[in-house]
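To start, the structure under review is shown below, and the notes come after it.
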Amino acid sequence: MGIFSFLDRASKSILGIDITSSTVKLLELSKSGSGYKVESYLVKPLPPNTVVEKDIKDVEALADVMRKVVAQAKVKHKDAAVAVAGSAVITKVIEMPGDLSEEGMESQLSVEADQYIPYPLDEVALDFELIGRSEVNPDQVDVLLAACRRETVEVRAEALELAGLKSKIVDVEVFAVERAFKLIATQMEDLGEQVVAIADIGATMMTLSVLVEGKTLYTREQAFGGKQVTEEIQRRYGLSLEEAGQAKRQGGLPEDYEPEILVPFKEALIQQISRSLQFFFSSSQYNYVDQLVLAGGVAAMEGLRAEVEEKLGLPTMIANPFADMAVSNKVDAVALAMDAPAMLVAAGLALRSFE
């Protein structure tokens, strides 16, 4: 794997594989007229502590689950894209001469990158992407430089290869969400220059991304997620972690579940979203957002959208990147609809096929 090796371009259809702290999510898309079609999709839970806060701890266990996902989903291709957390990546926009070729940029960056990256270059996976002509210096172009510790990239590539897949792209979650946002933006009226916040709430992490004109302006990760509900069910009712997770999804818990566990969790979640928005306001020129989008496995929690909208006073919707897509007959459309809010990263990765 060379120094300029992640954010690579796709050459044909690839699988989007989102590795979270609790699941592996697979998505395969194809073109369908002017839109897209879901060809394959599957979500499978990971054994506890396989991935801890997006850090892979057991690559063999992860690869084993990936193998099962690939077999059950009956995918057509073996090239795959995965992502690293935004917090694992350093990004910087720099100016470079506008007349440089891509090879020239790569050569110059290989010499000058140590000015921008606080790690030894032999420990780093590095890549760049041309943004466009500089607004300040017409003879220069803006280039996005992205760097990640090599081991973070390589452990994901290793897991894919152990699962019989080809590691074609290692992307960044923030970029994948931005790409998938295009699928949600069509469901909004008069998007224009709106400021849109996406709160992606997973099992152990919540990521708030703020986009203006479809471009990510701000992102913040924090340790908070739906696993807190599962663990509280486990503790209060004497269940195993697996039983608690099943009970949370399927219902049938005692009457005190909602007032004692669910209501306090929703209140804490709304507080976390509000706090993240305040951090955004204090670090940007904006003191408002026009639209809030709830994503992640927690987003589909009954009654959450209405409560968030009421408490925060913001128009709030639940993410569904598949709302305008055709769905293959081999895909469980009901399960896909239930999992849709949690599939933003996977959708953004699968869309790399068409760039």
Side-chain angles (χ1 to χ4, degrees), residues 10 13-20 22-44 69 73 75 77 80-83 85-86 169 171-189 191 194 196-203 205-211 213-216 219 226 290-301 304-305 308 315-328 330-355:
S13 183
I14 59 169
L15 308 174
I17 297 185
D18 181 19
I19 302 165
T20 76
S22 60
T23 60
V24 170
K25 301 165 189 165
L26 178 147
L27 181 66
E28 182 179 23
L29 300 177
S30 66
K31 269 287 191 182
S32 178
S34 60
Y36 303 101
K37 181 178 181 179
V38 179
E39 294 288 353
S40 304
Y41 134 87
L42 202 69
V43 177
K44 204 166 187 66
V69 166
V75 298
H77 302 96
V82 291
I169 295 170
D171 207 329
V172 183
E173 288 180 2
V174 174
F175 299 160
V177 169
E178 181 180 299
R179 203 173 296 111
F181 175 71
K182 297 169 189 172
L183 303 172
I184 303 168
T186 58
Q187 301 161 44
M188 299 178 185
E189 294 182 9
L191 186 61
Q194 282 194 29
V196 180
I198 302 175
D200 192 340
I201 312 122
M205 298 289 286
M206 184 182 94
T207 304
L208 183 87
S209 300
V210 182
L211 298 90
E213 296 185 33
K215 295 295 182 184
T216 304
T219 183
D290 297 296
Q291 176 79 49
L292 177 63
V293 179
L294 298 180
V298 172
M301 186 177 283
L304 180 63
R305 187 206 64 79
V308 170
T316 303
M317 63 181 285
I318 296 175
N320 181 2
F322 311 120
D324 300 320
M325 288 193 195
V327 179
S328 166
K330 72 175 183 178
V331 170
D332 184 336
V334 175
L336 179 68
M338 289 179 64
D339 284 325
M343 298 293 289
L344 276 190
V345 171
L349 292 172
L351 285 173
R352 289 297 298 266
S353 303
F354 312 108
E355 291 185 343

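In what follows, residues are counted from 1 in the order of the sequence shown.
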Of the non-hydrogen atoms in [X] and [Y], which two are nearest, and what is the gap between them?
X    : Y    : result
A340 : N320 : CB-OD1, 3.3 Å
S40  : A73  : OG-O, 3.5 Å
A83  : V345 : CB-CG1, 4.3 Å
A197 : L208 : CB-CD1, 4.2 Å
A335 : Y41  : O-OH, 3.1 Å

Can you tell me how far the [atom1] atom of [X] sits from the [atom2] atom of [Y], to the nearest 0.5 Å?
X    : Y    : atom1 : atom2 : result
I198 : F181 : CD1   : CZ    : 5.5 Å
L42  : I17  : CG    : CD1   : 10.5 Å
L26  : M343 : CG    : CE    : 7.5 Å
L211 : Q291 : CG    : CD    : 12.0 Å

Sequence neighbours left out, what passes side chain to side chain contact (heavy atoms under 4.5 Å, CB included) with [X]? Give chain and number order.
X    : answer
A203 : S21, S22, K227
L29  : L27, V38, M325, A350, L351, F354
T219 : V174, T207, S209
A85  : K54, S87, E173, E221

Check side chain to side chain donor-acceptor pair (under 3.5 Å) between K37 and all other residues, then give those that pass, not counting sequence neighbours.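 None.
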
Please enumerate all residues that pass side chain to side chain donor-acceptor pair (under 3.5 Å) together with S30, with sequence neighbours excluded.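 S30 satisfies side chain to side chain donor-acceptor pair (under 3.5 Å) with E39 only.
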
Pairs flagged by salt bridge (Lys or Arg N to Asp or Glu O under 4.0 Å) wherever residues 332-347 is involved - sequence neighbours left out: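 The answer is none; no pair qualifies.
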
With sequence neighbours left out, which residue pairs that include part of residues 22-31 fulfil the salt bridge (Lys or Arg N to Asp or Glu O under 4.0 Å) condition?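 Checked against salt bridge (Lys or Arg N to Asp or Glu O under 4.0 Å) - neighbours excluded - the pairs reaching residues 22-31 are D18-K25.
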
When you compare the side chain of [Y] with that of [X], does any pair of heavy atoms fall below 4.5 Å?
X    : Y    : result
L294 : M301 : no
L344 : P321 : yes
V293 : M188 : yes
I184 : V196 : no

Sequence neighbours left out, what pairs pass side-chain hydrogen bond (donor to acceptor under 3.5 Å, both in side chains) with at least one residue falling in residues 175-188?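 As it turns out, the side-chain hydrogen bond (donor to acceptor under 3.5 Å, both in side chains) pairs with a partner in residues 175-188, which skip direct neighbours, are D171-R179, E178-T216, R179-E355, T186-D324.
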
